[in-house]
Undergrad: 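Just passing along the structure, written as structure tokens.
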Protein chains: 2
Amino acid sequence: MPKRNLTTSKKAGAAAKRIDAPLRAARVAKVSVICAEAERQFAQYGFEGASLDMIAQTLGISRQNLLYYFPSKELLYIQVLDNVLNEWRLRMDGLVSGSNPEAAVRDYIRAKLRFSAERPAGSQVFAREVMAGMPRFREAMMARAMPAMNADVKTFERWADAGLVARLDFRHLLFSIWASTQAYADMAPQFACMLGKASLDEEDFERARVVITRQMLAALKPD
Amino acid sequence: MPKRNLTTSKKAGAAAKRIDAPLRAARVAKVSVICAEAERQFAQYGFEGASLDMIAQTLGISRQNLLYYFPSKELLYIQVLDNVLNEWRLRMDGLVSGSNPEAAVRDYIRAKLRFSAERPAGSQVFAREVMAGMPRFREAMMARAMPAMNADVKTFERWADAGLVARLDFRHLLFSIWASTQAYADMAPQFACMLGKASLDEEDFERARVVITRQMLAALKPD
DNA sequence: GTCTATATTCAGATAGAC
DNA sequence: GTCTATCTGAATATAGAC
């Protein structure tokens, strides 16, 4: 538990804020770089496989110093997952709405693929947590991802009522979009390997976008 | 290194075979149940997260006894991955061929989804290995999965030449089929959670099959 | 906030008796 | 083939000095 010295902690209101501001900012910045590196290593090695020692070493700090900011490995892990889910929602929320299904689906796929391209580690940490049976993040999932999905399903159903799209099982349609787009983060090493290159580039993501978009729009086309 | 005693190891030809047969059969059976349990635990906890102690305990044998059959954790892991890749190919090989694209795609998706339903752990171990950057199974992947993919891509291109299917980037089409179908193994806990149940059942897989098949066939329809 | 030192637990692997 | 005993290394976490 971090405790500021009496000199600052005793002061209240504006004065305290003025003094604490730079301290807090430094702390926030450090916490942020720790989370970024932890995300990378949890993604590659998993919760048990990653070690606080390695993470600290990569950052050039001591393991004990890391434990000063995050009292335990598990809390660091939870924080990483929380950040991922937050940015996920930030990027995806409200994309499926309005009255233009085609534009919505195009944007949705584009946003998800961009997330895969820009934040592959976040997606992988999430995938590993899911495969483990969501032992540490089930409630957060239920509370935050489920409402978002249900809202999207409802929107699709309204579109189907209006005859704008075919009537499919939209839950599984969403699963399929998630799977296809997230795979370009989670399975990137395999895909790159099979394309004969070291890693996926912008063109690969663009080609993926074209194919996946075509699939979804074609499937949604009213009979 | 296992060494049979002199009495049997000295004998050669048919006599030795007759004596060794039951021994070997017992060994093969034991190796098989060890692999099955290891697959389950590697799937759930990952390579580093799974422990030989836990695997042995679940099987009711000692860790040392387990190490008698597999000299190291890594060799056990490699064996598990090898088995997965083998059964994968056994089920999928040659499905994309002939002159009926629609039937081929339907069968391919059906077979992949069946694998996800029947062998989810195998798929998950594979996914974890990929996310780790394929540190222990890259050559095997390259040597065995890549030729299979290239053959399938060539078949699709022949179909496109004949005007039977639209001309897409078939590599990414295959990635998308893999992703959508494997997700019903790898992401099963998440999907089940979002469908409000403990685990996916036959009906879920059937609904997934309908949606995914529709996507792929619609995308492949010539313009 | 950062460091040194240490407690504790647990994992993989080997040796050798039976 | 299976067991007991043991070696070795690594990891999380805590205590306390500065």
Side-chain angles (χ1 to χ4, degrees), chain A residues 1-9 19-35 37-38 41-42 44-80 135-136, chain B residues 1-9 16 19-35 37-38 41-42 44-80 132 135-136:
Chain A
M1 179 88 59
K3 274 201 174 129
R4 271 165 278 125
N5 63 52
L6 291 178
T7 317
T8 57
S9 66
I19 290 175
D20 284 0
L23 290 176
R24 280 185 211 270
R27 187 188 177 89
V28 167
K30 190 151 186 184
V31 161
S32 165
V33 302
I34 290 174
C35 281
E37 183 57 31
Q41 301 207 17
F42 281 137
Q44 186 167 0
Y45 307 111
F47 177 77
E48 294 89 354
S51 82
L52 298 181
D53 243 327
M54 267 281 265
I55 294 170
Q57 195 184 327
T58 309
L59 292 168
I61 64 175
S62 68
R63 172 180 75 256
Q64 294 84 346
N65 190 223
L66 200 171
L67 281 166
Y68 169 75
Y69 290 97
F70 293 92
S72 79
K73 188 186 192 181
E74 182 145 351
L75 285 176
L76 172 57
Y77 177 79
I78 300 267
Q79 184 63 59
V80 166
R136 289 174 251 262
Chain B
M1 182 85 63
K3 276 202 174 137
R4 270 165 280 126
N5 64 53
L6 293 176
T7 319
T8 56
S9 67
I19 291 175
D20 284 358
L23 290 175
R24 281 185 211 269
R27 188 186 178 89
V28 167
K30 191 151 186 184
V31 162
S32 166
V33 301
I34 290 174
C35 281
E37 184 56 30
Q41 301 207 18
F42 281 136
Q44 187 168 0
Y45 307 111
F47 177 76
E48 293 89 354
S51 81
L52 298 181
D53 243 326
M54 267 281 266
I55 296 170
Q57 194 184 327
T58 309
L59 292 168
I61 64 175
S62 67
R63 174 178 74 255
Q64 295 84 347
N65 191 224
L66 200 171
L67 281 166
Y68 169 77
Y69 290 96
F70 293 92
S72 80
K73 190 187 193 180
E74 181 146 351
L75 285 175
L76 172 58
Y77 176 78
I78 300 268
Q79 183 65 58
V80 166
R136 290 174 250 263

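So that the names make sense, note that chain A is the first sequence line, chain B the second, and so on, each numbered from 1.
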Undergrad: Identify whether any heavy atom of Ala50(B) sits under 4.0 Å from a base atom; if not, whether one sits that close to sugar-phosphate; answer base, sugar-phosphate or nothing.
TA: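 Touches sugar-phosphate only.
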Undergrad: Rounded to the nearest Å, what distance is computed from the CD atom of residue Glu74(B) to the P atom of nucleotide dG12(C)?
TA: 12 Å
Undergrad: Using whole Å, what does the distance between atom C1' of nucleotide dA13(D) and atom CD of Glu48(A) come to?
TA: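 Whole-Å distance recorded here is 17 Å.
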Undergrad: Which whole-number value in Å describes the distance from Leu75(B) CG to dT14(C) P?
TA: 11 Å
Undergrad: Grab the CZ-P distance between Phe70(B) and dT2(D) for me, whole Å please.
TA: 13 Å
Undergrad: Could you state the atom-to-atom distance from CD of Gln41(B) to P of dG12(C) in whole Å?
TA: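 Distance check: Gln41(B) CD to dG12(C) P gives 11 Å.
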Undergrad: Touch check for Leu67(A), heavy atoms < 4.0 angstrom, all strands: base, sugar-phosphate only, or nothing?
TA: base
Undergrad: For dT2(D) and Ser62(B) - does any side-chain N or O of the residue sit under 4.0 Å from the phosphate oxygens OP1/OP2?
TA: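 Looking at the OP1 and OP2 atoms of dT2(D), neither is under 4.0 Å from any side-chain N or O of Ser62(B).
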Undergrad: Reckon Tyr69(B) has a side-chain N or O less than 4.0 Å from the OP1 or OP2 of dT2(D)?
TA: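 Checking Tyr69(B) against dT2(D): at least one side-chain N or O falls below 4.0 Å of OP1 or OP2.
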Undergrad: State, yes or no, whether a side-chain contact exists between Leu52(A) and Phe70(A) at a heavy-atom distance under 4.5 Å.
TA: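 A side-chain contact under 4.5 Å is absent here.
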Undergrad: Side chain to side chain contact (heavy atoms under 4.5 Å, CB included), that's the test. Do Leu66(B) and Glu37(B) meet it? Break it down for me.
TA: CA-CA 12 Å; Leu66(B) 200 171; Glu37(B) 184 56 30; over 6 Å; no
Undergrad: Select one nucleotide: of dA11(D), dC3(D), dA11(C), the one nearest the side-chain heavy atoms of Gln64(B).
TA: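 The listed nucleotide nearest to Gln64(B)'s side chain is dC3(D).
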Undergrad: For Tyr77(B), I'd like to know if atom OH has over 12 heavy atoms of other residues, nucleotides or ligands within 6.0 Å.
TA: yes
Undergrad: Whole-Å distance between dG12(C) P and Asn65(B) CG?
TA: 15 Å
Undergrad: Under 4.0 Å between a side-chain N or O of Arg63(B) and OP1 or OP2 of dT2(D)?
TA: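 So the side-chain polar atoms of Arg63(B) never come under 4.0 Å of the phosphate oxygens OP1 or OP2 of dT2(D).
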Undergrad: Given dG12(C), dA13(D), dT2(C), which nucleotide is nearest the side-chain atoms of Lys73(A)?
TA: dA13(D)
Undergrad: Under 3.5 Å, is there a donor-acceptor pair between the side chain of Thr58(A) and the main chain of Met54(A)?
TA: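 It does hold such a pair.
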Undergrad: For Gln57(B) and dA11(C), give me the distance from atom CD to atom C1', rounded to whole Å.
TA: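 Distance, rounded to whole Å: 14 Å.
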Undergrad: Using a cut-off of less than 4.0 Å, is there contact between a side-chain N or O of Tyr68(A) and OP1 or OP2 of dG1(C)?
TA: yes
Undergrad: The side chain of Arg27(A) is closest to which nucleotide in this list: dG1(C), dT2(D), dA11(C)?
TA: dG1(C)
Undergrad: Could you please name the option among dT12(D), dG12(C), dA13(C) that lies closest to any side-chain atom of Ser51(B)?
TA: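 Of the candidates, dG12(C) comes closest.
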Undergrad: For the pair made of CD1 in Ile61(B) and P in dC3(D), what is the distance, rounded to whole Å?
TA: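 My rounded result for the distance is 8 Å.
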Undergrad: If you count the non-hydrogen atoms of other residues, nucleotides and ligands that lie under 6.0 Å from CD in Gln57(B), is the total more than 12?
TA: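 At most 12 heavy atoms, drawn from other residues, nucleotides or ligands, come within 6.0 Å of this atom.
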